[in-house]
Amino acid sequence: MIALTTALVLSSISVALAGSPQGSLRQRHQQHARHVARSKTYTLTDKYQGGDFLDEDQWSYFTDADPTGGQVNFVPQSKATANGLAYVQDDGTTILAVDNKSDLAPGANRDSVRIQSTKTYNNGLFIADFWAMPHGCSVWPAWWSVGPNWPSAGEIDVIEGVNTNPTNQMTLHTGEGSGCTLVNTPPVSDAFTANVLGTQCTSSDGNNAGCAFLDTDNRTFGHGFNILGGGVYAHLWDNTGIKIWHFARDEIPSDIDEGNPDPTSWPTPRAFWAAEGCDISQNFFEHSLVLDTTLCGGFAGGNYPASGCPGTCEQAVANKTNFDFAQWKINYIAVYN
Ligand SMILES: *[C@@H]1O[C@H](CO)[C@@H](O)[C@H](O)[C@H]1NC(C)=O
Ligand SMILES: *[C@@H]1O[C@H](CO)[C@@H](O)[C@H](O)[C@H]1NC(C)=O
Ligand SMILES: *[C@@H]1O[C@H](CO)[C@@H](O)[C@H](O)[C@H]1NC(C)=O
C-alpha cells in the first residue's frame, strides 16, 4: 500500500517535472549521475597468474615462526619447490600445499608455505580466483593483507576459517587508538549480508578478535567452496570503506571474467566496513597480500574441541592423511585501481 502510493506520487512528480524545462534538466542531471556512478572503470595494475607466479621478486616466502602460534614450519622457496609445496601446474594453476608425505611425532611442526607480495598496496579492487582452498582438521588457511608494524597499519582478512568450519570469516584489525568500528546500524547494516561477530576493530596481541563478519552461506569456505570448483573473492578497498564479495564458480559476474570489473553492478557485498566507522587511509596502508596455511595455533587449536574432529589438534597435525586437501589452488590474483 505504501509502495503503491509512493509510486503514484513519484510518477506524478516526474510527469510534472517533464513538462517544464527545469524538469528535463533535472532528469538529465539524474541520468548523468547514474551513468557516472556505473561507469567508473578500473585499470588492471597487477595480475599474478601461472608461469612466474612464484618468482621471489613477486612473492617472498615468510620463514619466521608463525606469529599466530601455529604448528608449522614455513619453508623457504628452495624447500617449498624441492618438496612440492609450491609449484605451477601445466594448466597455469598455482599450488600452495601443506606437507602430506610425512608422518610426525605428536607436537612436531609440519611444513607449510606462507607467501607475501613484495609489492604493497594502499587501496584497490582485488580479485582472487581460487579453484580450491585448504581445509580439514587442524587446518587454518587465510587470504589476507597486512601493513608494517602490526596492527598499526591494519590487517584485512578476506578468507579465513578453521577445521571443518562451513562458512567464511572476514575481519579487520586496526591499531591502538584507531577508534575503528564496524557500523552495524541502518542504512549501513542493509548494505552487507553476513552476520556480525564483533564491531571493535582495535586489536593487540592479547585482544585479537577484531571487527568481523561470519558468512551464512556454506559455499564460502572449505569443502563447500571446493566442491563447486571454488570461485572468486573480490574486495574493494577505497575511501568509502572496505567491501568483500564471494561468487561461486557458476555465479562469477561476466565483467570479472572479461577483466572489466564493475562492483556497482554486483549484488550486496557479504561484508562492508563503512568509512563512517573508521578512517580507512589512516588505518590501512602499505599492505602486502598474503596467502598461507597454518595448523592449530590460537584459532584452529582453540576451536578444535568444538570442531567435531577426532582426538587433539596436535594428533591431527602428526597424521599426514589429514592434509590431502590442505592446498590453495590459485587461478589468478588481479589488482585493479
Ligand atoms: C549447504 O547447505 C545446503 C542447504 O542447507 C545443503 O543442501 C548442502 O548440502 C550444504 N553443502 C555442504 C557442502 O554442506
Ligand atoms: C591417520 O588417520 C587415518 C584416518 O583417520 C587413520 O586411518 C590412521 O590410522 C591414522 N594414522 C595414525 C598413524 O594415527
Ligand atoms: C597428497 O595430496 C595430493 C593432492 O591432494 C595427492 O595427490 C597425494 O596423493 C597426497 N598423498 C601423498 C602421499 O602425496
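In each ligand, atom 1 is the first atom listed, and ligand 1 is the first ligand listed. The residues of the chain are indexed from 1 along the displayed sequence.
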### Task
Identify the heavy atoms of I280 and D238 that sit nearest to each other, and give their distance.
CG2-O, 3.8 Å

### Task
Apply the test side-chain hydrogen bond (donor to acceptor under 3.5 Å, both in side chains) to residues S102 and D99: give CA-CA distance (whole Å), side-chain angles for both, the deciding distance (0.1 Å), then the verdict.
CA-CA 7 Å; S102 317; D99 170 23; 2.6 Å; yes

### Query
Do W143 and Y233 have ring centroids that are under 6.0 Å from one another?
no

### Test of ring centre spacing under 6.0 Å for H287 and Y121
no

### Message
Using a 3.5 Å cut-off on N or O atoms only, is N218 in polar contact with ligand 1?
### Response
yes

### Task
Report yes or no: do N168 and D215 form a side-chain donor-acceptor pair below 3.5 Å?
no

### Task
Non-hydrogen atoms closer than 4.0 Å to ligand 3: which protein residues do they belong to? List them by chain and number, please.
N100, K101, D324, Q327

### Task
Determine whether the aromatic ring centres of F53 and W59 lie less than 6.0 Å apart.
yes

